[in-house]
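The structure under discussion appears below in the form of structure tokens.
Worth saying up front: this structure is predicted, and the values here are computed from it rather than measured.
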Amino acid sequence: ELQGRLPIRVELDALTERDLYRILTEPEANLLAQQRALLATEHVQLDFTDDAVRELARVASLANRTIENIGARRLHTCIERIMDDISFDAAEL
């Protein structure tokens with residue numbers, strides 16, 4: 001009870017490109033695996049090259065530095081932008 005009443009503020013370092021790459025590749029249920037599974041329901045096989053994943057991490061890191069630092073949530077935004085047309089047209093592919 002007392003802990004919630006103390007004004008404690010913690011500042012974290014911004015995620016690096018390497019951190020974002022690891023977030024995209026290391027967890028079993030990462031965002032890329034989720035996109036693959038989503039499109040598999042439409043019988044579409046989705047593959048990401050390592051270069052593409054690294055570029056995605058670079059773009060997310062750059063956007064965090066220049067727009068607003070929202071951390072790993074930026075990855076979801078970037079993937080969503082990339083996947084918009086593919087997801088929309090997936091049933092026709």
Side-chain angles (χ1 to χ4, degrees):
E1 238 182 85
L2 180 61
Q3 183 178 4
R5 298 174 190 268
L6 298 175
I8 297 173
R9 182 178 171 147
V10 177
E11 287 193 32
L12 303 173
D13 293 333
L15 294 171
T16 64
E17 281 182 42
R18 183 174 185 274
D19 295 330
L20 294 169
Y21 175 81
R22 290 182 60 207
I23 290 167
L24 286 171
T25 57
E26 291 183 12
E28 188 174 324
N30 62 56
L31 291 171
L32 302 179
Q34 291 174 27
Q35 288 297 318
R36 283 188 205 101
L38 182 64
L39 287 181
T41 64
E42 298 289 340
H43 307 290
V44 175
Q45 181 181 344
L46 180 65
D47 293 314
F48 295 94
T49 64
D50 188 63
D51 287 342
V53 176
R54 290 188 185 281
E55 181 65 11
L56 185 56
R58 187 191 71 76
V59 168
S61 178
L62 178 64
N64 274 344
R65 285 193 311 269
T66 57
I67 301 170
E68 179 185 2
N69 192 347
I70 59 172
R73 291 173 293 195
R74 181 70 65 195
L75 292 170
H76 185 271
T77 303
C78 291
I79 291 171
E80 194 174 70
R81 291 276 171 102
I82 292 168
M83 298 300 299
D84 262 353
D85 289 338
I86 297 169
S87 296
F88 185 77
D89 296 331
E92 299 169 8
L93 297 176

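Cluster annotation: V53 is connected to I82 through the hydrophobic network of ILVMFWY side chains, with a link wherever side-chain heavy atoms come within less than 4.5 Å. The hydrophobic cluster containing I86 also contains L32, counting ILVMFWY residues as joined when their side-chain heavy atoms lie under 4.5 angstrom apart, directly or transitively.
For residues 47-67, the set of pairs meeting the salt bridge (Lys or Arg N to Asp or Glu O under 4.0 Å) definition, not counting sequence neighbours, comprises D50-R54, E55-R58.
Closest heavy-atom contact between L39 and A90: CD2-CB, 3.7 Å. Nearest heavy atoms, I70 versus N64: N-OD1, 3.2 Å. When every heavy atom of A14 is checked against every heavy atom of N69, the shortest pair comes out as CB-ND2, 3.3 Å. The two residues A72 and I23 make their nearest non-hydrogen contact at CB-CD1, 3.8 Å.
Using a distance-only test at 3.5 Å, with no hydrogens or angles considered, a donor-acceptor pair links the side chain of R74 to the main chain of E68. A donor-acceptor pair under 3.5 Å links the side-chain atoms of D19 to the main chain of T16, judged by distance alone.
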Side chain to side chain contact (heavy atoms under 4.5 Å, CB included) for L38 and Q35? Distances and angles first, verdict last. CA-CA 5 Å; L38 182 64; Q35 288 297 318; 4.3 Å; yes
Derivation and outcome, side chain to side chain contact (heavy atoms under 4.5 Å, CB included), residues M83 and L46: CA-CA 10 Å; M83 298 300 299; L46 180 65; 3.5 Å; yes
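Among residues two or more places apart in sequence or in another chain, the side-chain contact (heavy atoms from CB on, under 4.5 Å) test is passed with Q34 by L31. A52 is linked by a side-chain contact (heavy atoms from CB on, under 4.5 Å) to T49, counting only residues two or more places apart in sequence or in another chain.
The local environment of CD in Q45 is sparse, with at most 12 non-hydrogen atoms from other residues, nucleotides or ligands closer than 6.0 Å.
Distance CD/E42 to CG/D89: 11.0 Å, rounded to 0.5 Å. Taking CG of L75 as the reference point, atom CG of L24 lies at 4.5 Å (rounded to 0.5 Å).
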